[in-house]
Protein chains: 2
Amino acid sequence: MPDTPTLRQGSPAKRAAIVRAALEVFVRDGYTRASVDAIAREAAVSKRTIYDYYGDKERLFLSALAETREAQEADFRRLLDRTLPGTTSRDELAVALTAFGRAFATEIARSAERAAVMRLLIAEAAHFPSLVRPDPEGRPVQRALAERLAELGERGLLEVPDPAEAAEFLGLLVTGRVDYRSWYGAVPLADGEIERLVEGGVRVFLRAYRQGS
Amino acid sequence: MPDTPTLRQGSPAKRAAIVRAALEVFVRDGYTRASVDAIAREAAVSKRTIYDYYGDKERLFLSALAETREAQEADFRRLLDRTLPGTTSRDELAVALTAFGRAFATEIARSAERAAVMRLLIAEAAHFPSLVRPDPEGRPVQRALAERLAELGERGLLEVPDPAEAAEFLGLLVTGRVDYRSWYGAVPLADGEIERLVEGGVRVFLRAYRQGS
DNA sequence: GCGACACTACACCGTGCAGTGTAGAAGCGC
DNA sequence: GCGCTTCTACACTGCACGGTGTAGTGTCGC
């Protein structure tokens with residue numbers, strides 16, 4: 001019998017500490033450079049415990065990413081409801097879209113975490129096929145945004161024949177230049193710069209998607 | 001005296017072979033995973049020779065990237081002149097822009113090299129600060145495209161108050177979704193898919209930048 | 001007190017890999 | 001032929017790191 005190595009269940013608090021430390025170190029150093037010893041130190045936990053909890057470095061990595069992704073998706077939904085509610089009125093539209101874009105991009109560039117995770121995903125996509133989500137429109141973030149845009153379209157504020165596509169472009173226009181210039185968070189950007197880039201992106205989006213353009 | 005390790009000049013052909021092999025292995029495996037032995041094997045050269053030529057892994061890496069970048073920039077200029085000449089007429093515009101976008105994105109997604117290099121840069125930007133070009137508008141690719149758009153603007157085909165910004169958006173719209181979905185070349189995309197994504201991007205660009213929109 | 005479990009500290013193994021040293025073969029100018 | 005350089009083949013060092021084994025220290029339920 002190949003006997004499963006029987007990972008330990010352990011306490012949720014400790015799991016959380018490990019996963020948080022792991023993400024921090026992975027994001028900072030990259031997968032290969034990150035050492036399990038460093039993660040253990042960061043989590044204030046013995047290396048042995050990490051192996052008892054997660055088995056090996058790879059599974060720790062995947063767990064950390066999965067957990068973070070879920071948290072980020074939840075964050076995004078909240079952000080979307082806060083800045084771009086379905087009840088947005090016509091003359092609030094540009095302001096609301098800019099607020100949405102700014103909140104989104106600021107989160108990307110300041111918290112550094114979102115973009116950094118993206119950077120990590122891009123770096124490791126080829127080595128961990130399971131990280132690659134097959135259906136691009138299935139990404140919850142895109143889906144939520146598409147639904148919101150569709151609502152705005154039905155109310156006649158925007159002209160969005162293809163909400164999924166429009167959502168992709170909006171995300172791209174708003175965050176693309178920020179990611180491009182900051183190398184997905186590797187290089188810090190000034191706040192004013194971020195704002196300027198975001199506003200430019202929203203302006204282009206509106207020129208392309210405003211009703212009757 | 002700290003005596004410089006005196007790198008060997010060597011033959012250009014051998015240098016080229018090493019650099020090409022290095023890029024291939026670095027792109028395939030990433031910087032840390034790539035072993036100098038593997039590069040030597042790939043280049044059909046002894047490991048010692050690589051060290052005599054380049055000193056250490058890091059300098060080899062930087063040389064390979066620098067050389068590739070220059071080549072890609074030259075390629076881009078040629079591509080731009082071929083698909084989007086300054087003499088483009090009004091009714092050729094959409095077709096020419098699409099051709100440009102398609103050629104650009106196809107090169108990105110098919111040759112795999114361009115996107116893969118980008119992936120490598122994103123992955124290593126934080127670890128090799130010298131890779132990060134400080135001036136984002138100084139990237140020759142963006143500059144060349146901006147000049148071309150400015151020409152089209154002056155001839156009244158497009159409305160581009162800020163050509164540098166427009167160039168950035170065009171690049172983003174055309175390649176962004178391809179990069180996004182292919183994880184910068186880590187996942188292959190079907191040709192038809194690429195074409196569809198590119199055309200969508202051009203359509204949005206034109207809606208936003210067409211004269212009198 | 002006692003057993004069971006969680007955890008740490010620490011020593012340890014194996015391996016992969018950056019980088020070096022060197023002997024010798026191959027080519028070239030003269 | 002002779003000396004010089006280039007290059008290879010190969011052995012070797014040092015080190016970092018993934019992963020394991022284990023003895024010992026709490027800590028909790030009973």
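Not measured: the values here are computed from a predicted model. Order of the sequence lines sets the chain letters (A, B, ...), proteins ahead of strands, with each chain counted from 1.
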Write down the distance between [atom1] ([X]) and [atom2] ([N]), rounded to a whole number of angstrom.
{"X": "R33(B)", "N": "dA18(C)", "atom1": "CZ", "atom2": "P", "value": "13 Å"}
{"X": "Y51(B)", "N": "dA9(D)", "atom1": "OH", "atom2": "P", "value": "17 Å"}
{"X": "K57(A)", "N": "dC17(D)", "atom1": "NZ", "atom2": "P", "value": "9 Å"}
{"X": "Y54(A)", "N": "dG19(D)", "atom1": "OH", "atom2": "C1'", "value": "18 Å"}
{"X": "I50(A)", "N": "dG19(D)", "atom1": "CD1", "atom2": "P", "value": "11 Å"}
{"X": "D52(A)", "N": "dT22(D)", "atom1": "CG", "atom2": "C1'", "value": "12 Å"}
{"X": "R15(B)", "N": "dT6(D)", "atom1": "CZ", "atom2": "C1'", "value": "14 Å"}

Members of residues 37-45 of chain A that approach DNA chain C, where some heavy atom sits under 4.0 Å away | A44(A), V45(A)
Please determine, for the side chain of [X], which listed nucleotide ([options]) has the closest atom?
{"X": "R48(A)", "options": "dC17(D), dA9(C), dA18(C)", "value": "dA9(C)"}
{"X": "S11(A)", "options": "dG19(D), dC7(C), dA18(C)", "value": "dC7(C)"}
{"X": "K47(A)", "options": "dT20(D), dC7(D), dT8(C)", "value": "dT20(D)"}
{"X": "K14(B)", "options": "dT8(D), dG18(D), dT8(C)", "value": "dT8(D)"}

Answer with base, sugar-phosphate or nothing: what part of the nucleic acid does S35(A) contact at a heavy-atom distance below 4.0 Å?
-> sugar-phosphate
Which part of the nucleic acid, if any, lies within contact of D56(B), taking any heavy atom under 4.0 Å across all strands shown: a base, the sugar-phosphate backbone alone, or nothing?
-> sugar-phosphate
Can you check whether Y53(A) has a side-chain N or O nearer than 4.0 Å to OP1 or OP2 of dC7(C)?
-> yes
Does the distance from a Lys or Arg side-chain N to an Asp or Glu carboxylate O, for E165(B) and R196(A), drop under 4.0 Å?
-> no
Considering only NZ, NE, NH1 and NH2 on the basic side and carboxylate oxygens on the acidic side, decide whether R78(B) and D81(B) come within less than 4.0 Å.
-> no
Does the ring of F100(B) carry R148(B) above it, NZ/CZ under 6.0 angstrom from centre and within 45° of its axis?
-> no
Spell out, as yes or no, whether a donor-acceptor pair under 3.5 Å connects the side chain of R119(A) to the backbone of Y184(A).
-> yes
Using only heavy-atom distances, determine whether the side chains of R139(A) and Y180(B) contain a donor-acceptor pair under 3.5 Å.
-> yes
With under 30° as parallel and over 60° as perpendicular, where do the rings of F26(B) and Y31(B) fit, or are they tilted in between?
-> parallel
Are there more than 12 heavy atoms of other residues, nucleotides or ligands under 6.0 Å from atom CZ of R77(B)?
-> no
